[in-house]
Amino acid sequence: MAEKAQKQMLTDIFVGGAREGWNMGVGSIIPNVMMAFIVIKALSITGAMELFGNLFAPLMGLFGVPGEGAAVLMASFMSAGGGVGVMMSLFADGVLSGEHLAILAPANYLMGSTVQYAGRLLGVVSIEARFYPIMFGLVTLNGFIAMLLMRVLI
Amino acid sequence: MANQHSHTDERTGGIGGYISLFTAIVFFSGVLQSDQWWGVLDFTTMNGAFGSIIDGVAFRGTGGSGARDGFLFALGLVPTCMFALGMVRIFEHFGALEGARSLLTPILRAVMGIPGVCGLTMIASLQNTDTAASMTKLLHEKGELNNKEMHIFTAFQFSCGATIVNFMGSGAVLLTLTNADGSMAVPSSIGMILGVIMICKVLGANILRFYLNHLERKGAFQSQANNKNMEVAHG
């Protein structure tokens with residue numbers, strides 16, 4: 001395997017990685033981001049987003065982010081790519097600024113895709129069932145700590 | 001697993017791995033972001049920008065919404081994702097991950113209370129959650145990791161799984177967003193965000209480490225519980 005890697009042209013290695021990126025784009029990013037845009041539009045049209053924003057304003061205010069930012073974190077539990085989609089959609093609508101995105105970005109990944117990883121990681125490794133809620137609590141806590149850190153850093 | 005160990009061990013020890021790791025950190029950190037010649041060593045600079053179609057309007061246009069706007073927007077993310085993963089593979093080829101593993105392995109016990117043998121799995125976990133999950137299970141089954149270490153290590157992996165691939169794939173593009181006036185919108189860098197993510201991953205694993213120590217003292221958790229006991233517990 002090492003020999004094979006040595007013989008590869010640098011350009012081939014780059015192209016291989018870029019192809020992975022393309023597959024990721026087509027297979028994950030585009031569908032996830034598109035879904036996020038549709039959900040955000042549905043929430044906006046029905047007025048639910050405004051209610052949602054007001055509901056979470058006190059909590060998210062601690063991190064210097066509008067209440068609507070909570071939608072990013074909820075989406076990220078399902079898929080980090082979806083969380084990025086929600087961020088982009090809310091940025092495009094002028095609800096979130098670049099500063100808000102910087103604060104939310106690490107949290108989106110720290111909490112990201114954990115619903116999927118519960119099966120793919122916790123299930124595979126055979127984590128004791130009683131620790132599942134603790135694992136989800138920890139990733140949420142990680143996200144909150146990251147938002148505080150980013151608020152200080154930027 | 002054993003093959004992977006020996007394969008990686010053969011490639012460690014070279015200065016090339018450290019140089020590759022250092023170059024990767026500089027490349028993605030944003031410190032060299034510039035229109036000067038050294039911008040060639042910066043991801044964001046080299047990622048570039050889409051041109052305008054008319055009067056400063058990008059191909060996505062303005063005023064779109066819903067599924068179609070989402071599609072065009074997402075399409076614009078794909079080149080960044082491709083470029084980032086292409087570069088990650090190049091740095092990997094020159095041993096950046098082996099360099100990182102050599103640096104990490106001796107400090108794992110101090111930083112998270114897990115043995116150095118987790119180094120390879122830890123690096124794998126930054127790339128692929130499923131690979132790392134099966135490697136972790138194997139380490140536990142072989143007795144390299146006890147029950148407590150396995151839980152701590154899994155907590156580390158669970159938060160921001162496949163860190164590098166996921167973040168470079170969809171997150172790096174956040175840093176390329178611009179305001180209406182063309183200025184960069186997000187006041188951060190890939191390096192800063194990845195740094196915060198890694199700090200929080202380690203912090204979360206340590207919170208679980210202290211909680212498990214507490215449970216162990218109360219007799220509610222067994223570090224040395226073997227797999228048979230665990231199967232009974234899952235029962």
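Chain letters run A, B, ... following the sequence lines, proteins first and then strands; every chain starts at 1.
- Residues satisfying the salt bridge (Lys or Arg N to Asp or Glu O under 4.0 Å) test with A:R130, not counting sequence neighbours, are A:E128.
- Put simply, CG on B:N147 and OG on A:S126 are 10.5 Å apart, with the number rounded to the nearest 0.5 Å.
- Taking the six-membered ring for Trp and the full ring otherwise, the centers of A:F136 and B:F158 sit less than 6.0 Å from each other.
- With a 4.5 angstrom heavy-atom cutoff, A:L153 touches chain B via backbone and side-chain atoms both.
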- Message: If you apply the rule side chain to side chain donor-acceptor pair (under 3.5 Å), what do you find for A:Y109 with B:S159, and how did you get there?
- Response: CA-CA 8 Å; A:Y109 288 93; B:S159 196; over 6 Å; no

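- For residues 38-75 of chain A, heavy-atom neighbours of chain B at less than 4.5 Å comprise A:I38, A:K41, sorted by residue number.
- Between A:M88 and B:V173 there is a side-chain heavy-atom pair separated by less than 4.5 Å.
- If you measure heavy-atom distances from A:M35 to chain B, you find no contacts under 4.5 Å at all.
- Counting heavy-atom pairs under 4.5 Å between each of B:T178, B:V78, B:D130, B:V88 and chain A puts B:D130 at the top.
- Atom-to-atom distance recorded for B:F167:CZ and A:N108:CG is 9.5 Å, nearest 0.5 angstrom.
- A:D93 pairs by the salt bridge (Lys or Arg N to Asp or Glu O under 4.0 Å) definition with nothing, not counting sequence neighbours.
- In this structure, A:L138 CG and B:T154 OG1 are separated by 12.0 Å, a value rounded to the nearest 0.5 Å.
- With a 4.5 Å cut-off on non-hydrogen atoms, A:F131 touches chain B through its side chain but not through its backbone.
- Listed by chain and residue number, B:R89 satisfy the salt bridge (Lys or Arg N to Asp or Glu O under 4.0 Å) test with A:E20 (two or more places apart in sequence, or in another chain).
- Only the side chain of A:I134 comes within contact range of chain B, with heavy atoms under 4.5 Å apart.
- Inter-residue side-chain proximity for B:F83 and A:F14 is flagged as met; some heavy-atom pair is nearer than 4.5 Å.
- With rounding to the nearest 0.5 Å, the separation of CE in B:M87 from CD1 in A:I13 is 11.0 Å.
- In this structure, chain B has a heavy atom under 4.5 Å from the side chain of A:L149, while its backbone stays farther away.
- With a threshold of 4.5 angstrom between heavy atoms, A:M135 approaches chain B through its backbone and through its side chain.
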